[in-house]
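Proteins get letters first, then strands, A, B, ... in listed order; numbering begins at 1 in each. All values below were derived from every heavy atom in this structure, side-chain atoms included, with hydrogens, water molecules and symmetry-related copies excluded.
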Number of protein chains: 2
Amino acid sequence: MDSKVVSLKSKLEIYKACSGGGNLADCPVRDVIQGISNKWSSLLMMALAEKPYRFGELRRLVPDISQRMLTQTLHDLQRDGYVHREVFPTKPPSVEYSLTDLGRSMFGPLHQLLQWAELNHGAVRAARNAFDAAET
Amino acid sequence: MDSKVVSLKSKLEIYKACSGGGNLADCPVRDVIQGISNKWSSLLMMALAEKPYRFGELRRLVPDISQRMLTQTLHDLQRDGYVHREVFPTKPPSVEYSLTDLGRSMFGPLHQLLQWAELNHGAVRAARNAFDAAET
DNA sequence: TATATAAGTCTCAAAAAGAGACCAGCACTA
DNA sequence: TAGTGCTGGTCTCTTTTTGAGACTTATATA
């Protein structure tokens, strides 16, 4: 009944929210953004933007990531085409991770956001403190 | 023993990874980025950048968010100072959410990233397909 | 022989997210 | 006057995701 009305209405509005065509399921922005908006992706992109790193180096660089999440996040970044994984036949074999062209391209705007974060973390922290103080 | 060596070494490297001083716990970039790099934040920022919305409107705009996560994400965005929450004494009372100056400031670089996503989702999708095909 | 290192995988516990019922106050309707 | 719907949530329960830590396989080193 009115579920049809709602779905029609929201479809138009989602069109705007996704600032592109298509429906919710394959909204381009959501599809791409959800791949990088998680706890570890931007941190690893930041590290790899500097230079290629090996698995163990990344683990030491980000000591509070679990091995499992490092494996998985790198795998996901590789799947989306941001990261290249190369195995070297040393003994024991070593694996190097580096940014692809697509990865470097994406890091451009990401870097802007990271810089904003660095510049404005004082304001965010202040807002947080004010909010927490007001809650009591 | 060598845990001391490791912690010294990683501290230096984290310094670079965080592109700012301080230790891991209060790394500015991580602190700010982790607040916005989750499933719903950027989507809601995108919606509110267009115009203020009420709770129910946002719910209809993003039909696949649960009421619980909408409440929580808006609360978190408000706590970090990106979003302003205003209650109007209508009957029943309505609540409007809008971006603050800090929110609009942050949306600048975020928007760049969203535009990149829109422009390059084809490349990402292609990489994903290639990766999945190669896996078999 | 014992230990370390490489890059992971596996299992289990804890945390986070999603689904859906429920709430209070008021307006409209039958 | 009882029923229905609207508002913006909260509460509880289940499922998914994440984290902690042991285990792996092959080689090198002490």
*Ignoring the backbone of B/Pro92, work out which of D/dG8, D/dC6, C/dA19 is nearest its side chain.*
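For the B/Pro92 side chain, the nearest candidate turns out to be D/dC6.
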
*Which of the following nucleotides, C/dA17, C/dT9, D/dG8, is nearest to the side chain of A/Gln67?*
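Side chain of A/Gln67 sits closest to C/dT9.
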
*Lys/Arg-Asp/Glu bridge criterion (N-O < 4.0 Å) met for A/Arg104, A/Asp101*: yes

Below the 4.0 Å mark, does [N] have OP1 or OP2 next to a side-chain nitrogen or oxygen of [X]?
X       : N      : answer
A/Trp40 : D/dG19 : yes
B/Lys39 : C/dA16 : no
A/Tyr53 : C/dA7  : no
B/Arg54 : D/dG8  : yes

*asked:* Please determine whether residues A/Phe88 and A/Leu48 belong to a single hydrophobic cluster, defined as Ile, Leu, Val, Met, Phe, Trp and Tyr linked transitively by side-chain heavy-atom distances below 4.5 Å.
replied: no

*asked:* Applying a 4.0 Å non-hydrogen cut-off, can you work out what B/Tyr97 is touching in the nucleic acid: base, sugar-phosphate, or nothing?
replied: sugar-phosphate

*If you pin A/Asn38 and B/Thr71 to their nearest nucleotides in DNA chain D, which one's is more 5'?*
B/Thr71

*For A/Arg68 and for B/Val95, locate the closest nucleotide of DNA chain D by heavy-atom distance; then report the residue assigned to the nucleotide nearer the 5' terminus.*
B/Val95

*Any idea how B/His75 and A/Phe131 line up, ring-wise: parallel (<30°), tilted (30 to 60°), or perpendicular (>60°)?*
perpendicular

